[in-house]
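For reference, the structure discussed in these notes is given below.
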Amino acid sequence: MSGLARPRATYIFCRRGVRQNYQANPEDPFEKIWINMRGSLCDALYEQYDLSGAYLYPQRPLKSLFQSFLKLCEDNYANPRYVSVRGALIVHEIFAALSEPKKMDDDQTSDYASRAKKYIDLHAAEPLTVTQVAAHAGVSVSQLNRSFTKRYGIGPYRYYTDARMNMACSLLRNTGLQVQEVSRRLHFRDLHYFSAAFKEYAGVSPKRYRQQNAED
């Protein structure tokens, strides 16, 4: 094996009830270590370590923990209680390692931020959460906030809300749509909420904004 590059390990976290679809390149296959864990402990650890919806965790030092867990199960197949007690400790270590922020170089930071921005640009008229955007980019919410702000000077949620308001301004200036219809098209929960958000952004109500631009 001397002289061959070591494969990069990427860990995929599939929470219960969430569908994932992935596959390897047939010309560059990878080894898969699969552990199916379920129960209240996993749910509690997910919340405790705030994994925030991310599902890809590249280059984490987890292989030895996975191998230890598998060996524990193989060596103590007839003693499930011991596996349960000792396995819980290993599972805890796995979740703790997943939650550790991974240092990203400038290229990675830029790539994640760019991927998130493109996703927001394509779906600005839809109801989005930062958790959804982070999951699409393949990073945690905290990592996305850092990388996005570093690249664009504002956070992803602010960028999303500004994009929606810009779309609202365009619709009010360039179409005859009623304010309520503009609100509906941008998926605000109700007209009152849209009007308040718009006034905070533009300084005037949607109706007044349209009047001012008509006058201009």
Side-chain angles (χ1 to χ4, degrees), residues 13-21 43 46-57 98-99 101-216:
F13 182 89
C14 304
R15 195 181 185 189
R16 180 174 57 183
V18 177
R19 298 176 63 88
Q20 300 288 351
N21 182 22
D43 293 337
Y46 181 88
E47 299 299 334
Q48 177 181 337
Y49 285 105
D50 187 24
L51 296 185
S52 304
Y55 57 90
L56 291 179
Y57 298 87
L98 287 175
S99 70
K102 178 182 177 294
K103 292 183 179 179
M104 297 183 290
D105 58 34
D106 289 341
D107 288 342
Q108 286 177 306
T109 296
S110 179
D111 182 59
Y112 290 134
S114 177
R115 193 183 310 168
K117 179 180 178 297
K118 289 178 182 177
Y119 185 76
I120 294 173
D121 289 340
L122 288 172
H123 301 277
E126 303 171 16
L128 289 180
T129 65
V130 177
T131 297
Q132 289 174 303
V133 178
H136 176 80
V139 292
S140 69
V141 168
S142 58
Q143 287 175 321
L144 177 62
N145 281 325
R146 287 194 297 270
S147 62
F148 201 98
T149 302
K150 183 177 181 180
R151 173 75 185 273
Y152 299 109
I154 59 173
Y157 183 74
R158 172 66 183 278
Y159 180 83
Y160 165 62
T161 56
D162 285 357
R164 292 178 92 193
M165 289 297 104
N166 283 330
M167 293 181 71
C169 289
S170 179
L171 290 172
L172 290 169
R173 287 196 311 268
N174 302 310
T175 75
L177 294 174
Q178 296 294 319
V179 173
Q180 185 170 359
E181 178 62 16
V182 173
S183 171
R184 190 189 68 80
R185 289 198 178 193
L186 295 177
H187 293 90
F188 281 86
R189 63 171 179 253
D190 57 50
L191 179 58
H192 176 76
Y193 180 76
F194 167 67
S195 296
F198 187 91
K199 187 172 183 178
E200 182 178 353
Y201 174 79
V204 294
S205 68
K207 182 178 180 179
R208 181 58 183 157
Y209 178 86
R210 170 170 275 168
Q211 291 172 343
Q212 289 177 341
N213 281 273
E215 293 169 0
D216 293 341

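Just so it is clear, the model here is predicted, and its values are computed rather than measured.
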### Residues Thr129 and Thr131: side-chain donor-acceptor under 3.5 angstrom
no
To the nearest 0.5 angstrom, please state how far the [atom1] atom of [X] sits from the [atom2] atom of [Y].
X      : Y      : atom1 : atom2 : result
His187 : Arg185 : NE2   : CZ    : 10.5 Å
Asn145 : Lys150 : CG    : NZ    : 14.5 Å
Asn166 : Leu171 : CG    : CG    : 11.0 Å
His136 : Ile120 : NE2   : CD1   : 10.0 Å

Taking the side chain as C-beta and beyond, is there a heavy-atom pair between [X] and [Y] under 4.5 Å?
X      : Y      : result
Phe198 : Val179 : no
Tyr160 : Val133 : no
Arg151 : Tyr112 : no
Met167 : Arg164 : no

Counterpart residues, side chain to side chain contact (heavy atoms under 4.5 Å, CB included), relative to [X] (two or more places apart):
X      : answer
Lys207 : Ser205, Gln211
Ala163 : Ala124
Arg173 : Cys169, Ser170, Tyr209, Asn213

### Closest non-hydrogen atom pair, Pro206 against Phe194
CG-CE2, 3.8 Å
#### Entry: Smallest separation among heavy atoms of Ser147 and Ala113, with atom names
O-CB, 3.7 Å
### Message
Run the ring pair (Phe, Tyr, Trp, His ring centres under 6.0 Å) test against His123 and tell me which residues pass, sequence neighbours left out.
### Response
Tyr119
### Task
Name all residues meeting the ring pair (Phe, Tyr, Trp, His ring centres under 6.0 Å) criterion together with Tyr201; count only those two or more places apart in sequence or in a different chain, and write none if there are none.
none
### Residue pair Phe188, Gln180: steps toward the side-chain contact (heavy atoms from CB on, under 4.5 Å) verdict
CA-CA 10 Å; Phe188 281 86; Gln180 185 170 359; over 6 Å; no
### Query
Does Thr149 use its side chain to pair, donor to acceptor, with the backbone of Arg146 at less than 3.5 Å?
no
#### Entry: Test item: Ser195 side-chain N/O and His192 main-chain N/O as donor-acceptor pair under 3.5 Å
no
### Query
Between Tyr159 and Tyr152, is a side-chain contact (heavy atoms from CB on, under 4.5 Å) present by the stated rule, with each step listed?
CA-CA 9 Å; Tyr159 180 83; Tyr152 299 109; 5.6 Å; no
### Task
Just jot down the salt bridge (Lys or Arg N to Asp or Glu O under 4.0 Å) partners of Asp190, sequence neighbours excluded, or say none.
none
### Query
Taking everything shown except Gln178 itself, do over 12 heavy atoms lie less than 6.0 Å from its CD?
no
